[in-house]
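In what follows, chains carry the letters A, B, and so on, assigned in the order in which the sequence lines appear, proteins first and then strands, with residues in each chain numbered from 1. This structure is a prediction, so every number in the text was calculated from the model and none was measured. Because only heavy atoms are used, hydrogens play no part in the values below, and waters and symmetry mates are left out as well, while side chains stay in.
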Number of protein chains: 2
Amino acid sequence: MTARRNSATGDRMTAICQGIRRAIIEGALLPGDRLPEDALGESFGVSRTIARHALGQLAAEGLVDLRRNRIATVAAPTPADARDIFDIRVALERQVVQHLAGNLTPDQVAELKDIVAQEHAARHGPDGASIRLATEFHIRLAQMTGKPILVRYVTEICYRAGLSLSSLARPHSSECAISEHLALIELIARGPADKAAQMMADHLEAVAARALLSGDRGRSRDLVNILQPYAKG
Amino acid sequence: MTARRNSATGDRMTAICQGIRRAIIEGALLPGDRLPEDALGESFGVSRTIARHALGQLAAEGLVDLRRNRIATVAAPTPADARDIFDIRVALERQVVQHLAGNLTPDQVAELKDIVAQEHAARHGPDGASIRLATEFHIRLAQMTGKPILVRYVTEICYRAGLSLSSLARPHSSECAISEHLALIELIARGPADKAAQMMADHLEAVAARALLSGDRGRSRDLVNILQPYAKG
DNA sequence: CATGACCAAAGTGCATACACTTCATGCCAC
DNA sequence: GTGGCATGAAGTGTATGCACTTTGGTCATG
C-alpha cells in the first residue's frame, strides 16, 4: 500500500519510533508520561514485542527512560541536561555549517526557504508545529552535508533539544527563530564559513537562552488519545 | 561478584552489548563478520529474544549493520565514515577538555596516569588491548566531566572510532599515543583550557592521520570461538 | 560448460505464553 | 484516623513456536 521503508529492522518498529518522536517533539507527550508496552502496541496495532523494541531504540536516543521492571516514561531532562544538550548541539551544528558554507545549491536554498515559509505560516497555529518545523530546518541542513553519521547525531540531539524545550520552555518562545533561520540561510549560502558557523552557534544559544523557566505541567494523561494522530504516520 | 549495572533494561542484554563492543574494539570481531541471533544467544546463554534486542542497541550505536531479513553484521565504516567520525569526535572531546581544564582533582590525575601506565605495560601485548586502553582513557576523561549526555556521545563515538581503526589502520599504529596521553593529562590539569582543547584536537587528528591504509583482512570467521572470552563479562 | 529453476537449510519477524516484579488498594491492628 | 501488611491487578522479562525470507547448492537444460 504505502511506500516501504526499511531503515534498520522492520519498518513497523520504525513507524512507532517516528510516531513517538513526533509526539514528543510536538509536546503531545511530555516528560514523565508513561509508555506501557501493551498500550503502545495497541495504539500502533502491533504486539508488545515490537513496541518493546521501539522503546529500546528511543531509550538509546535518550527520549525515553527505561528502568528494569518499570513502565517506560518519556525522558525528563534536567536543566543541566538541557544545557549539555545545547552545548553538544552547538558543536555539531557548527560542523554542519562549516561543511555547508558556500556549497549550497540553489535548490537547497529554495528548499530551506520553503521550510522557513512553513514555519512562518504555522507561527500562530499549535505550538508543537512550530517546534517541529524549526527542528526539521536544522535536520534538513544536516542532511545536506551528505554525511550520514553527522546527520544521525544532529538528528538525535535535535530531538533531545526539542524534548528539553517542550518541558522547560515557555510557549511560543521559539517564534523569533524564523527570522534567524532566514538570515542563516543567507550567510551559509554566501558568507565565510567561520562567520556562518558562529551565527549558527549564536542562534542556538539564543534559542537555549529563551528557555530558562522550569514550568511543570499536568500529569497522568491519556496515552491512547494522545497517540492516535501519530499512529497513522 | 563485580558491581552490577542496570543501565537501561535487563542487564543480560547489557552484558551482551558490552561483550560485543569489547570484541569489536579489540579487533576480535572485524567489519563484515556475521552475528546471527541464535549463535549470539548460545554464546551468551540467552534466548534469541535478548540477543536480538542487543543487536538492536548495537545497531543504534552504529557498531552493527542490521538489514531486514538479513543476518546482522559488524558495521563496516567507509573511509569517509571514519573521517566524519573523527571530526565529530574532535568536536566532542574538545568540549570534554574545555570543561575539565584546570578542574582535575589529584585523584583524577592519578587515575588517568594509571590508565596510561597500563597502556605502557600493554604496548607489546596483543594489539587489541592497546586500542581498548586508549579508548578507556578517553572515556574516563569524558566521565570526569560529570555530564552524562556528553559521556554517552563521547563513548559512542569512541567505539565507532575504534571500529574504524580496527578495519582501516595498520597494526600498532596507536602506540605512540601513550606519550601524547601523558602530555594531555599535564596540560588539562594545569594549562589553559583553549590550549588543552587544541592539544586534544591535534592528538586525535594525529591518531586519525596514522590510519589511512585500507587493509582488508580475512572473512568468514568462527563466531563461537571469537566471542567465548567475551561472554563472561 | 554455463545457466537458470528449484528446493532444503538457515535465519529472521513477530506473536504469544508464562513467571516474576511492581504498584495500588483495601484491610486490620493500634 | 494512621501506619503497615496482604493481595490482586497491571506490567515487564524472557523463552518458545511458527510463518516467511534469504541463501546456497543441486540438477536439469541449453
Side-chain angles (χ1 to χ4, degrees), chain A residues 1-2 4-20 29 32-60 64-75 219-224 226-227 231 233, chain B residues 4-20 29 32-60 64-75 219-224 226-227 231 233:
Chain A
M1 208 63 84
T2 68
R4 274 273 167 262
R5 306 230 139 263
N6 66 339
S7 80
T9 164
D11 48 27
R12 308 208 248 169
M13 202 204 71
T14 306
I16 298 190
C17 285
Q18 276 298 351
I20 295 182
L29 285 173
D33 279 353
R34 292 145 89 90
L35 301 169
E37 297 172 358
D38 348 13
L40 233 54
E42 203 160 334
S43 283
F44 289 86
V46 299
S47 91
R48 243 184 9 106
T49 307
I50 302 188
R52 179 182 183 75
H53 209 92
L55 285 173
Q57 291 295 310
L58 294 167
V64 159
D65 255 7
L66 219 46
R67 280 157 43 196
R68 184 160 237 269
N69 285 317
R70 294 233 171 34
I71 300 177
T73 60
V74 176
R219 272 301 109 81
S220 97
R221 317 170 42 245
D222 180 14
L223 179 64
V224 175
I226 291 172
L227 280 181
Chain B
R4 268 282 163 257
R5 305 242 135 258
N6 64 339
S7 78
T9 164
D11 48 28
R12 304 211 249 170
M13 202 205 71
T14 306
I16 298 189
C17 286
Q18 279 297 354
I20 296 182
L29 285 173
D33 279 353
R34 294 146 93 89
L35 301 168
E37 297 173 359
D38 339 5
L40 234 54
E42 203 160 334
S43 282
F44 288 86
V46 298
S47 89
R48 258 199 335 124
T49 307
I50 301 188
R52 180 183 182 76
H53 209 93
L55 286 173
Q57 290 296 309
L58 293 167
V64 158
D65 256 7
L66 218 47
R67 279 156 46 199
R68 188 162 232 271
N69 284 319
R70 292 235 173 36
I71 301 177
T73 60
V74 176
R219 272 298 114 83
S220 102
R221 328 186 17 257
D222 179 14
L223 179 63
V224 175
I226 291 173
L227 279 181

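Under 4.0 angstrom from either OP1 or OP2 of D/dT14 there lies at least one side-chain N or O belonging to B/Arg12.
Atom CG of B/Asp65 and atom C1' of C/dT12 are 16 Å apart (whole Å). Atom pair B/His53:NE2 and C/dC14:P shows a separation of 14 Å (rounding to whole Å applied). To the nearest angstrom, P of D/dA10 lies 13 Å from CZ of A/Arg34. Atom P of nucleotide D/dG11 and atom CZ of A/Arg67 are separated by 16 Å, given to the nearest angstrom. Atom CG in A/Asp38 sits about 13 Å away from atom P in C/dA15, given to the nearest Å. Regarding A/Ile16, its CD1 atom lies at a distance of 15 Å from the P atom of C/dG13, rounded to whole Å. Between B/Arg68 atom CZ and C/dG11 atom C1' there is a gap of 13 Å when expressed in whole angstrom units. Atom CE in A/Met13 sits about 16 Å away from atom P in C/dT12, given to the nearest Å.
Mapped onto DNA chain C by nearest heavy atom, A/Asn69 and A/Arg48 fall at different nucleotides, with A/Arg48 at the one closer to the 5' end. For the pair B/Val46 and A/Glu37, both in contact range of DNA chain D, the more 5′-proximal nearest nucleotide belongs to A/Glu37. Toward the 5′ end of DNA chain D lies the nearest nucleotide of A/Arg70, the other residue of the pair B/Ser47 and A/Arg70 mapping further downstream.
Expressed to the nearest 0.5 Å, how far CG of B/Asp65 lies from CG of B/Asp33 amounts to 12.5 Å.
Here the side chains of A/Leu35 and A/Leu58 are not in contact, with every heavy-atom distance at 4.5 Å or above. The closest side-chain heavy-atom distance from B/Ile20 to B/Leu40 is below 4.5 Å.
For B/Thr49, whose side chain is taken as the heavy atoms from C-beta onward, the closest listed nucleotide among D/dT16, D/dT12, C/dG13 is D/dT16.
When all heavy atoms of A/Arg12 and A/Val46 are compared, the pair lying nearest together is NH1-CG1, 3.9 Å.
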